[in-house]
Amino acid sequence: MKQIIFTKKAPAPIGPYNQAVLIGNTLYTSGQIALHPESGELVLNDIETETKQVMENMKAVLEAAGMGYEHVVKTTIFIMNMGDFARINTVYGSYFDEKTAPARETVQVACLPKNVNVEISMIAVK
């Protein structure tokens with residue numbers, strides 16, 4: 001049975017989608033960008049700060065489903081500039097144990113919502 005996951009600790013959806021959907025023990029998240037959940041403002045000071053906000057938003061979604069980063073099995077990272085990869089990867093990597101890190105792909109794209117620099121989605125299993 002499909003369960004919709006929602007938390008006020010992450011940005012509310014701005015279209016016909018949900019923050020995440022739980023099917024059995026598997027959680028499918030929508031992509032998160034660096035919107036601050038309380039102010040609704042973009043956090044774009046630098047790529048590290050932007051990536052941290054994305055990861056904190058995702059953490060809130062995972063927690064709303066009773067999970068954490070240790071449950072993540074797959075991530076997709078969309079970035080505007082592959083030149084930012086190393087800096088994004090440093091922040092992203094700080095949220096995972098390298099020995100048990102999830103599978104991942106990173107893709108450079110032409111444009112992201114609200115012209116942000118990074119968007120990340122995840123699949124997690126409990």
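Counting from 1, the numbers follow the sequence of the chain as shown. Here the structure is a predicted model, which means the values were calculated and not measured.
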Practice prompt. State plainly whether one hydrophobic cluster holds both Met122 and Phe6, where clusters connect Ile, Leu, Val, Met, Phe, Trp and Tyr through side-chain heavy atoms under 4.5 angstrom apart.
Written response: no
Worksheet item: In the hydrophobic clustering (ILVMFWY, side-chain contacts below 4.5 Å, transitive), which residues join Tyr17, or is it alone?
Response: Ile14
Item to complete: With sequence neighbours excluded, give me every salt bridge (Lys or Arg N to Asp or Glu O under 4.0 Å) pair touching residues 47-62.
Response: Glu48-Arg87
Worksheet, complete the sentence: CD1 (Ile23) and CD (Gln3) are apart, to the nearest 0.5 Å, by 9.5 Å
Worksheet item: Just wondering, do Arg104 and Ile77 contact through their side chains at under 4.5 Å, heavy atoms?
Response: yes
Item to complete: Is it possible for you to say whether Met58 and Val125 belong to one hydrophobic cluster, with membership spreading through side-chain heavy-atom contacts below 4.5 Å?
Response: no
Worksheet entry | Student check: side-chain heavy atoms of Pro37 and Gln53 closer than 4.5 Å | yes
Worksheet entry | Pairwise side-chain contact, Ile88 with Ile47, heavy-atom cut-off 4.5 Å (strictly under) | yes
Practice prompt. Using atom types as modelled and distance alone, determine if a side-chain donor or acceptor of Lys114 lies under 3.5 Å from a backbone N or O of Leu42.
Written response: no
Worksheet item: Does any N or O in the side chain of Asn57 come within less than 3.5 Å of the main-chain N or O of Ile33, such that one atom is a donor and the other an acceptor?
Response: yes
Worksheet entry | Approximate separation, where rounding is to 0.5 Å, of Ile79 CD1 and Asp84 CG | 6.5 Å
Worksheet item: According to the ring-ring contact (aromatic ring centres under 6.0 Å, His included) rule, which pairs have a member within residues 93-114, sequence neighbours left out?
Response: Tyr69-Tyr95, Tyr69-Phe96, Tyr92-Phe96
Worksheet entry | Connected via hydrophobic side-chain network under 4.5 Å: Met80 and Leu44 | yes
Worksheet item: When hydrophobic residues are tied together by side-chain contacts of less than 4.5 Å, even through go-betweens, does Val72 share a cluster with Ile123?
Response: no
Practice prompt. Output, in order, the C-alpha distance, side-chain angles, deciding distance and verdict of side-chain contact (heavy atoms from CB on, under 4.5 Å) for Ile5 and Leu27.
Written response: CA-CA 9 Å; Ile5 302 299; Leu27 182 72; 3.7 Å; yes
Worksheet item: If you look at every heavy atom in Met67 and Leu22, which pair is closest and at what distance?
Response: CE-CD1, 3.8 Å
Discussion item. I need the minimum non-hydrogen distance between Pro11 and Leu35, along with the two atoms involved.
Written reply: CG-O, 3.2 Å
Worksheet entry | Atom of Pro13, atom of Asn18 and distance for their closest heavy-atom approach | CG-CA, 4.0 Å
Worksheet item: Between Phe78 and Val61, is there a shared hydrophobic cluster once you connect ILVMFWY residues whose side-chain heavy atoms come closer than 4.5 Å?
Response: no
Worksheet entry | Stepwise side-chain contact (heavy atoms from CB on, under 4.5 Å) test for Thr100 and Glu70 | CA-CA 8 Å; Thr100 59; Glu70 69 276 13; over 6 Å; no
Response to the item:
By side chain to side chain donor-acceptor pair (under 3.5 Å), Thr49 pairs with (sequence neighbours left out) Asp46
Worksheet, complete the sentence: Applying side chain to side chain contact (heavy atoms under 4.5 Å, CB included) to Lys9 and not counting sequence neighbours gives Thr7, Ala60
Worksheet entry | side-chain hydrogen bond (donor to acceptor under 3.5 Å, both in side chains) contacts touching residues 25-40 (sequence neighbours left out) | none
